[in-house]
Every structure is written in C-alpha cells, then in structure tokens.
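Treat the numbers as computed from the prediction; the structure is a model and nothing was measured.
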Amino acid sequence: MTSDDQTLPDEPEQPAPPTEPPPAEQPPPPDGAMDDPTDESMEFPTPDLGEPEGTGAPAQPDEQPADLTMMRPVPETTDAGHAAGASTVDAPEPEPFPVPDESHLDGPTPAPMRLSYYAVSDVGRVRKDNQDSGYAGPWLLAVCDGVGGAARGDIASSTAVSELRALDEAPGTGDLLTRVTDGLHEAHESIHAQVELDPALNGTSTTATVALFDGHRIAIGHIGDSRGYLYRAGELSQITSDHTFVQSLIDEGRITEEEARVHPHRNLILKALDGLHEVEPDLFAIALAPGDRLFLCSDGACGVLEDARMADILASGSPEFVAIELVRASLDAGSSDNVTCVVADVLAEEDAQADPAYADLEPMVVGAAADFKRRSPRGLFRGHRSGDTGELEPVDAEIPEGIDYAIQADPPVDPEAYRYAPRPPQRFTWARRVLAAAVVLGLGWIAVASAYWWTQQQYYVGERDGQVAIYRGIDGVPGLSSVYRTSDLAVDDLPEAAQADVEEGIAADDFEDATSIVLNLAERMMPAESPEE
C-alpha cells in the first residue's frame, strides 16, 4: 500500500450477505490486510468494479467463486472484509471518460458476442526502426509504443506484448480488471528482467493500451499516450486519457487540443512501463453492444489525425480496410512516427457465424513483436481512399555486408532518443565549417595584433636628417619603426665614436631610457672653438 492510496476510517464489521456466505475453510483476514492474499505482491492497483447489472453472466448456484470479493456486486455499504486503511472501491466513482450512453444495454443478459479484428503496424516514412508493437485476438487487443531511442524501445514494446498476449483466452471466473492488472504487472517485471540482463537497455520503456473482452464488455488498462476509441452509432469517443504533459495543460484549460498537436513538449510522457518505477495504470470497464467498433492506436496516428477524419474512416469498411486506411491517412497527414492501428468490430453470435471471414481469423502480432514482417498487398483498395501504407521491402543486395543502414556516411540516429525532450535544431556541416574558419581567422588576427603592439613598445636612438632622433619600433625592420621624437642635437657635433653609435642605432628599454641616452649624448658634444681675439 503506497502513501497515495486513498483510505477509509475504521468501521465496525458487518455480517456478510446471507446469499453469499464465505467458505468455511477461509478464515476472515487479519486486521489491516486486503481480502485477496495475492494483493501483497501486486504492484498495480486492482479496483473491483464488479459485474454491471444486465451485462454479467448469471452465477451458477452450484459453483463457488475462488474469490468472492472479485465476483460480488458492489454493495452500498463498506464491506467488512476490508480493514481500516485499506483501499476500497465501494464508494461510487464518477465517470472518467466520455463514453456514449449505454442505457439501452440494461435488461436481461444478452448472448455472448464476438470480435472481428485486424491489426497493422508501419515503420513510417522517417524512422529506420519500428518501435511499436500491436496484438489483436478474439479476446485481447493491445498497442504498445516503445520509448527509449538508443535504449531500444522496440525491446520494451515487444516484451510487453509478449507478456500481454497470454491474456488472450476465453474468460473464466476471474475478474477482468484483475487479469488486465496482472498482465501489466507481468510486462513490467519482464522489462525489468531485460534491463537487469543488459544494462545498456536502462531507460527503455513503453506505453500500453490494453482491451480485454469477455463477450459482454471490455476491461481497459492504459499507460502512456497510446489511445483507445469507441465508435458507436456514428459517434466517436476517446475512452482513454493521455499521460502526457500537454494533456495536463489541456485538463487545466491552459491550451486547446489544436494547440497541443503543435506544442514543443507534446512528446513528453509522464507514465510508461519501464521495469523500474512503479506506475498506476488507468483501469475501467465498458459494456459493449453489437455494432460497436473499437480502435486502438499509437500516437503516430492519433497525433496527426483529427477526430472527424478518424470517424469518417471508421464509419465504413471491414476492420482490415479501416486499419490499413487509418495507417495510410496518418502517413499522408505527415506523421513522422511509427504508426500502429488495431480495429475490432463487436458482432452478435449469429452475425459472426454467418461471416465467412470470421472463421479464418487468427491472432495477429504486428510491429516489433511480430515473428515475421507482415506485408499488405499493394492496390488492395481502390476509390477515394486507395493507396498503400508506405511500407517498402529493403533491397538487401544494395546494402554492404555488416552495415545495417543504406548510407554509410550517415550512421543511424534514432529520433526516439529525443522523445522526452524538445527536438533540437538541425545542425548543418557548412555552418560548422564557417564557424571553425571564423575562429581560426580570429585567433590569427589576435596573434598579429599582439605582435604589432609589442613592437610599438620598443624604442631606440638613431639619426634622421643629420639630427639625433628617438625611434619607436624594431630597428632595421621596414614598416615596424618610425620617428617618435627629433632633438636639436646635430650628429656632426658629437665625437666620432658617438656619431658611429647613433648611426648604427642605440637600443633603449623604453621612452624614458631613450630620452636619457639623448641627454648623455648632448653632454658629450664637442666644445665650440674659442673666437679669435
């Protein structure tokens, strides 16, 4: 039990309903314990919504469920089996998602229904690898979108689907939501085992949107930004809520759906299965009716397609046509991500038996989790939505051995590495070269300027037009010396030795030293001849 779980105050124990006495061999749980002993090892919440009135199969009087807390209807008062401080689902919960009206489903329990399904996953027109995984079967639909870039998000998504596909079996006596929770828990643990085995996978994770069917309703388990939709009676409803930063801004009313599609942080996910951090998935159940259509997809589709466009495609065609068309429409809309779509129709038993395609249905695994690459035939549909999904077969003969990418000068860089942060600006080679050249030229200019400044701090004494002068610069280097001061002392008035020194140049430490040299020369000047008497 985590600190975030809600608790209820202590209440006196109440006797169990007389119609469902607890088995004699199961003593009441000790104070502070959950009803289900397996809850001690659960890492995900397992709320029990019970069987909705008019949708669950009637219980057989001679059968005793293994766990009464998972099968009983929700009572109006707190169940005595829940100790004080333990989480409970007895309190009424508000409807969290805009599910269409289901009042027409009330009444006697209908006959079990069937699913006609199809799944398709495409690497897209930008990515090199497909990190999406999808599954469609008679009882289970699932979409997982791997996250991690260099940490191999495809391993996370394929591992999750490999664990979740074990749920695809005929419903038994267990609670649907509990089964979904157990499946997500196993996926979580399996990803953790992969990371433990290979530390290079640290940072990998995956979203997960799971729909488990029992013939009457679906139990949804959701983590991340993959989505689930329900198309009923011409109306499309989004039944999952994204665990993203932009969705939190939408919920707060700070941005709109349209602004979220172009927000720089639209790819920032707040929840994902990573095998390290405990997460609480969204869990709820929805009653179904014949004619409903379920649609699960990765953000490569719902991130670019408007609801009106998706509803238009979902309105007609078989699940196969609709799934392929949704992928093609996503690519045409400019999706730069992998695209995975799973579509399933809810059929009445007699309609399923009358459909020849239903008898040939087999479970489908697509994307990174697929055992082999599924290819859709070209030109499968004609008309206003004709076209392929953009999936092309690689030409192995043109790729050198040992190279897993076509352009050797361009090693593979997975854009998925930037999923948790804003996309950086593009970097151009010519810009880097210009910048490098500018740096080199700047350093050269600084060196030349420093050398010239040093020469202008040097002084010496020399001769100019017969006069003793002070020069600044380097003696004997053209262009690096110039006359700084000219004295009134004539060179011819100096002794012969001093004249030779001046003509050769007398070095000085600085300007003051040069001035002193000129004064000393003046003192050595030859005395003037005495005038004749």
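When atom types are taken as modelled, the side chain of Tyr117 and the backbone of Glu362 share a donor-acceptor pair closer than 3.5 angstrom. Under the 3.5 Å distance criterion, the side-chain polar atoms of Lys271 are matched with a main-chain donor or acceptor of Glu280. Remark: side-chain polar atoms of Thr181 are paired, donor with acceptor, to backbone N or O of Leu177 under 3.5 angstrom. Without hydrogens or angle criteria, Asp360 side chain to Ala357 main chain gives no donor-acceptor distance under 3.5 Å. With hydrogens and angles disregarded, no donor-acceptor distance shorter than 3.5 Å links the side chain of Asn130 to the backbone of Ala368. Put simply, the side chain of Thr240 gets close to the backbone of Gly228: a donor and an acceptor are under 3.5 Å apart. Although no hydrogens or angles enter the test, the distance criterion places no donor-acceptor pair under 3.5 Å between the side chain of Arg254 and the main chain of Val246. When atom types are taken as modelled, the side chain of Thr159 and the backbone of Ile191 share no donor-acceptor pair closer than 3.5 angstrom. No donor-acceptor distance shorter than 3.5 angstrom exists from the side chain of Arg227 to the backbone of Gln238, with no hydrogens or angles considered. With hydrogens and angles ignored, the 3.5 Å screen pairs no side-chain donor or acceptor of Ser190 with any backbone N or O of Glu186.
Across every non-hydrogen atom of Val279 and Ala272, the tightest pair is CG1-O, 3.6 Å. Here the shortest heavy-atom pairing between Ala119 and Val342 reads CB-CG2, 3.8 Å. Closest heavy-atom contact between Val195 and Leu201: CG2-O, 4.0 Å. When all heavy atoms are compared, the tightest approach of Gly221 to Leu184 is CA-CD1, 4.3 Å. Residues Ser298 and Val143 come closest through the heavy atom pair N-CG1, 3.7 Å. Taking both residues in full, the closest heavy atoms of Ile220 and Ala211 are given as CD1-CB, 3.6 Å, listed atom of the first, atom of the second, then distance.
Few gaps surround CD on Glu252; more than 12 heavy atoms of other groups in view lie less than 6.0 Å from it.
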Quiz item: Taking it one step at a time, do Thr207 and Ser226 satisfy side chain to side chain donor-acceptor pair (under 3.5 Å)?
Solution: CA-CA 6 Å; Thr207 69; Ser226 299; 2.7 Å; yes
Self-check item: Audit row: His263, Leu249, side-chain contact (heavy atoms from CB on, under 4.5 Å) steps and yes/no
Solution: CA-CA 10 Å; His263 195 280; Leu249 298 181; 3.8 Å; yes
Exercise. Verify side-chain contact (heavy atoms from CB on, under 4.5 Å) between Val210 and Leu140, making sure each step is shown before the conclusion.
Key: CA-CA 7 Å; Val210 183; Leu140 177 71; 3.4 Å; yes
Quiz prompt | Leu294 vs Leu230, side-chain contact (heavy atoms from CB on, under 4.5 Å): CA-CA, chis, key distance, verdict | solution = CA-CA 5 Å; Leu294 300 170; Leu230 174 63; 3.7 Å; yes
Self-check item: salt bridge (Lys or Arg N to Asp or Glu O under 4.0 Å) between Arg309 and Asp312, worked out
Solution: CA-CA 5 Å; Arg309 177 58 172 154; Asp312 176 56; 3.3 Å; yes
Quiz item: Given Phe213 and Leu288, is the side-chain contact (heavy atoms from CB on, under 4.5 Å) satisfied, shown in steps?
Solution: CA-CA 9 Å; Phe213 182 59; Leu288 298 178; 3.7 Å; yes
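Between Ser318 and Tyr118, every side-chain heavy-atom pair lies at or beyond the 4.5 Å cut-off. Asp145 has its side chain within reach of Asp337: a pair of non-hydrogen atoms, C-beta onward, lies under 4.5 Å apart. Contact annotation: the side chain of Asp154 never approaches that of Asp129 to less than 4.5 Å [non-hydrogen atoms, C-beta and beyond]. Between Glu306 and Arg261 there is a side-chain heavy-atom pair separated by less than 4.5 Å. The side-chain heavy atoms of Arg266 and Thr244, taken from C-beta on, include no pair separated by under 4.5 Å. Looking at heavy atoms from C-beta onward, Met310 lies in side-chain contact with Asp307 at the 4.5 angstrom threshold. Leu276 is listed as a side-chain neighbour of Asn202, based on a closest heavy-atom distance under 4.5 Å. Taking 4.5 Å as the limit, every side-chain heavy atom of Arg232 sits out of range of all side-chain heavy atoms of Ser237.
With values rounded to the nearest 0.5 angstrom, Ser330 atom OG is found 3.5 Å from Leu305 atom CG. Between atom OG of residue Ser205 and atom CD1 of residue Ile155 there is a gap of 12.5 Å, rounded to the nearest 0.5 Å. Expressed to the nearest 0.5 Å, how far CG of Asp214 lies from CH2 of Trp139 amounts to 8.0 Å. Put simply, CZ on Arg125 and CG on Asp332 are 5.0 Å apart, with the number rounded to the nearest 0.5 Å. A distance of 13.5 Å separates CG of Asp242 from CD1 of Ile223, quoted to the nearest 0.5 Å. To the nearest 0.5 Å, the span separating CG on Leu236 from CG on Leu314 amounts to 6.0 Å.
Between the side chains of Ser121 and Asp132, no donor N or O sits under 3.5 Å from an acceptor N or O. Donor-acceptor pairing under 3.5 Å is recorded for the side chains of Ser157 and Ser133.
Between Arg328 and Glu325, at least one side-chain N (NZ, or NE/NH1/NH2) sits under 4.0 Å from a carboxylate O, which counts as a salt bridge.
Under the side-chain hydrogen bond (donor to acceptor under 3.5 Å, both in side chains) criterion, Asp251 pairs with Gln247, not counting sequence neighbours.
Using a 30° and 60° split on the angle between ring planes, His188 and His185 fall in the parallel class, below 30°.
Counting only residues at least two apart or in different chains, ring-ring contact (aromatic ring centres under 6.0 Å, His included) contacts with residues 289-318 comprise Tyr229-Phe295. Within the structure, side chain to side chain donor-acceptor pair (under 3.5 Å) pairs that include any residue of residues 341-351 comprise Arg114-Glu349, Arg293-Asp345, Glu349-Gln353 (at least two apart or interchain).
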